[in-house]
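Worksheet for the structure shown next.
Remember, predicted model here, so these are calculated numbers, not experimental data. Note on naming: letters A, B, ... go to the chains in the order of the sequence lines (proteins, then strands), and numbering restarts at 1 for each one. Just the heavy atoms: all of them, side chains too, but no hydrogens, waters or symmetry mates, feed the values below.
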Amino acid sequence: MTLAHEQFVLWTALALYLATGLLAILGMIFGRFLPRLVGWGLALGLIVHAGSLAVRWVRLGHGPFVNLYEILSSNIFSFTLVFWLFYWRQSRLRPSVVVVIPVIFVLMGWLLWVNPADSAFPPTYDTAWLYVHIGLGKVALGLLLTGAGVAGVIVTRWLFGAQRLALLPGDGALDEFGYRCVAAAFVFHTLMLVAGAIWAQDAWGRFWAWDPLETWSLHTWLLMALFLHLRPLFHPPPLVGAVAIWILFVAAFLVFFGVPFLSTAAHQGIV
Amino acid sequence: MRFVERLASLKWSVLVLAWLVLVLPLVPRALISPLVVLGIGGGLFLVNLLAFLWCSSFFRTRPGLLVFHAALGLFLILAGVGRLTWMEGNVEVAVGEWFEGVPMTMTQGPLHDGGIGQIRFLNEGFTITYDVGLKRGPTRNRVAWRDGQGGMVRGVIGDDYPLVLRHYRFYTTSNKGFAPILTWQPEGGQPVRAAFHLPSYPLFADQTNTWSFPNQGPTITATLVLKEPVLDESRPGQFRLPEQPTLKLAVRDGPEAQMQPGARLALPNGGVVFEGLTSWMGYRIHYDRTRSWLLATLLVGVAGLGWHYRTRFQARDWDQMERGG
């Protein structure tokens with residue numbers, strides 16, 4: 001298997017995501033949303049995408065989380081997978097795919113511009129804790145994206161009228177679901193920090209060094225804690241809660257895809 | 001009592017979190033250390049939490065949340081203790097030499113007990129593989145130390161597999177290089193033998209360094225002449241000693257010579273012998289007794305939080321309500 005084979009499989013997966021996403025968006029616009037077809041389309045895209053990641057893993061001998069290309073590809077997969085699990089289990093949430101899928105599209109577009117060159121696996125990455133750390137981070141970010149999806153529905157309704165996306169539950173229920181996503185993301189983010197500290201202890205001899213990635217991931221954790229405390233104190237309306245969830249998602253997203261570009265520390269993340 | 005009730009307010013928790021969220025990333029580190037910011041926030045959180053536990057029965061019906069907050073409080077206390085007793089340092093040890101308990105650089109907490117002075121280990125050599133483009137592979141460093149009964153114990157350590165002695169953790173680093181072994185033979189005095197560490201290789205192409213022998217010995221500048229590169233960027237390789245090392249030796253205000261192993265440079269009051277070439281490894285040293293306790297505390301806390309949310313979310317379906325909490 002060569003890079004060309006891997007790229008072919010990846011592009012097939014991206015085409016499946018694109019077709020499914022457009023089917024969902026157009027279906028929603030023209031009142032012919034086909035939830036089962038969209039669900040199967042995403043599932044098929046995930047299976048093909050998993051094949052692409054597996055090919056690269058076998059070819060290079062390490063997981064897809066060393067360079068930007070690999071992290072983008074694996075995050076598109078994990079975002080879609082986490083959202084798909086909710087899509088499968090929570091049928092009333094399915095129309096929120098039209099808010100989530102554009103975020104995936106943006107990452108897909110970015111991926112097409114990134115050099116798919118092979119990456120070298122640093123010696124300090126050779127530990128099971130790295131896989132645990134990254135896996136937990138992906139779950140946390142996927143949960144925040146799902147929360148941002150339902151929050152996006154609330155914002156869309158406020159911007160374009162309450163009748164929009166009427167297939168979904170009311171704003172109050174969506175607000176509660178978004179809150180639960182943040183709460184679950186908070187648990188996984190905490191575990192991600194713990195696993196990262198264990199890895200850092202092994203890799204660099206210290207569990208915490210205030211490098212930019214560590215500082216900003218702690219900042220995101222604090223933001224989430226602030227959100228979880230503000231909610232019972234002020235009982236904000238769903239729109240305010242929705243905006244707050246988007247702020248959390250953007251903050252967490254920037255930890256993955258922003259800070260590593262500015263950092264020169266050993267803990268580089270995706271650069 | 002009213003004062004304690006005020007301290008117990010959830011508004012204080014929000015203020016502490018807001019302080020951390022705003023100050024932690026925005027204030028320049030040169031102005032205030034993140035540790036100070038976290039220390040202030042953590043201290044206020046502990047006061048707020050203790051006051052809340054004293055005044056409110058809120059946690060009685062939420063044991064999972066209580067476990068999480070108590071664990072967080074304990075974590076902060078342990079982290080504080082850890083900062084008081086921690087130690088971090090660096091040392092370079094030549095192959096065939098012992099670490100004698102004295103780091104080259106060291107920073108430590110005010111309550112660190114200085115036990116590193118009793119640590120000894122022997123560097124028995126290392127291997128490092130390199131990929132194309134001088135991408136460093138794993139380091140495997142053979143070390144030996146004495147157990148409690150005086151017997152020798154051997155092991156292999158690396159960048160992520162430390163040697164742990166009396167809770168001090170020694171990790172290999174990318175910092176390593178060559179070390180000419182030189183003997184100063186003063187006329188009528190005892191010879192002094194030492195391995196002098198050249199700059200880190202392959203980081204520095206210029207392999208020159210200057211040292212002085214102890215006891216008013218001569219000051220010398222040595223350059224290792226690499227006739228062919230030890231590591232070739234264009235193909236995989238391994239860190240090794242040059243096959244026929246040549247040392248250019250210059251004595252301050254004295255003679256110069258190109259020397260092979262075994263050669264002697266005569267000086268008016270003695271001579272310097274180039275015994276041979278070895279390598280040295282740079283180690284990072286870390287000491288923090290609270291590490292395991294911090295981990296256990298956090299895991300218990302997260303388990304409590306997960307239990308709390310699981311119980312609360314299972315009690316009510318999200319789509320059956322307009323407002324949760």
Side-chain angles (χ1 to χ4, degrees), chain A residues 90 92-93 120-127 129 150 168-181 183-184 186-188 190-191 193-194 197-199 201-208 210 212 214-216 218-220 222-223 225-235 238 251, chain B residues 9-11 13-14 16-18 20-21 24-25 29 33-35 38 41 68 79 86 88 128 131-133 135-139 158-162 169-171 173-174 283-286 288 291 294-295 298-299 301-302 305-306 308-310 312-313 316-325:
Chain A
Q90 301 286 342
R92 295 193 68 195
L93 280 179
F121 202 59
T124 50
Y125 279 34
D126 190 15
T127 162
W129 283 108
V150 295
L168 283 150
D171 284 358
L174 292 181
D175 181 51
E176 172 66 17
F177 184 81
Y179 162 72
R180 292 184 179 197
C181 283
F186 183 69
V187 173
F188 280 97
T190 310
L191 285 169
L193 290 176
V194 173
I198 297 170
W199 169 39
Q201 179 70 54
D202 280 347
W204 301 302
R206 85 295 185 285
F207 60 84
W208 194 266
W210 296 105
E214 288 169 354
T215 305
W216 282 97
L218 177 64
H219 183 255
T220 304
L222 289 165
L223 265 178
L226 184 61
F227 172 87
L228 294 171
H229 281 83
L230 279 172
R231 191 178 156 94
L233 189 64
F234 294 113
H235 301 288
Chain B
S9 167
L10 188 60
K11 285 178 184 164
S13 315
V14 167
V16 170
L17 285 166
L20 290 170
V21 162
L24 200 59
R29 290 190 184 191
S33 157
L35 264 179
L38 197 68
F68 175 69
W86 77 300
E88 217 171 75
I128 306 171
D131 207 344
V132 175
K135 286 186 175 128
R136 190 169 62 96
T139 299
D159 286 6
D160 46 359
Y161 298 102
R169 303 165 74 86
F170 293 81
Y171 295 85
T173 65
S174 62
Y283 298 91
R284 283 178 290 116
I285 313 165
H286 295 270
D288 186 349
R291 236 172 14 97
L294 286 171
L295 175 63
L298 273 179
L299 289 178
V302 177
L305 188 65
H308 168 73
Y309 281 134
R310 189 169 181 272
R312 294 211 25 108
F313 294 164
R316 291 177 296 177
D317 284 340
W318 65 272
D319 54 356
Q320 301 300 313
M321 54 197 298
E322 276 297 301
R323 168 66 55 193

Would A/Leu228 and B/Tyr309 count as a side chain to side chain contact (heavy atoms under 4.5 Å, CB included) here? Give the steps.
CA-CA 12 Å; A/Leu228 294 171; B/Tyr309 281 134; 3.5 Å; yes
Side chains of A/Trp210 and B/Leu38: closer than 4.5 Å at any heavy-atom pair?
yes
Which heavy atom of B/Arg316 sits nearest to which heavy atom of A/Arg180, and what is that distance?
O-NH2, 2.7 Å
Taking every non-hydrogen atom, the tightest pair across B/Val14 and A/Leu226:
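It is O-CD1, 3.6 Å.
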How many angstroms lie between atom [atom1] of [X] and atom [atom2] of [Y], to the nearest 0.5 angstrom?
X	Y	atom1	atom2	value
B/Leu298	A/Leu191	CG	CG	9.0 Å
B/Trp318	A/Leu93	CH2	CG	3.5 Å
A/Phe207	B/Asp288	CZ	CG	5.0 Å
A/Phe234	B/Leu10	CZ	CG	8.5 Å
B/Asp317	A/Glu176	CG	CD	10.0 Å
B/Leu24	A/Trp216	CG	CH2	8.5 Å

In terms of heavy-atom proximity below 4.5 Å to chain B, should A/Ile198 be classed as side chain, backbone, both, or neither?
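The side chain, not the backbone.
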Could you tell me which of B/Arg291, B/Arg169, B/Lys135, B/Arg136 has the largest number of non-hydrogen atom pairs under 4.5 Å with chain A?
B/Arg291
Counting heavy-atom pairs under 4.5 Å to chain B, which of A/Leu222, A/Leu223, A/Leu193 comes out on top?
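Among the listed options, the one with the most contacts to chain B is A/Leu222.
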Counting only heavy atoms closer than 4.5 Å, note whether [X] contacts chain A via side chain, backbone, both or neither.
X	result
B/Ile285	neither
B/Phe170	neither
B/Pro34	both

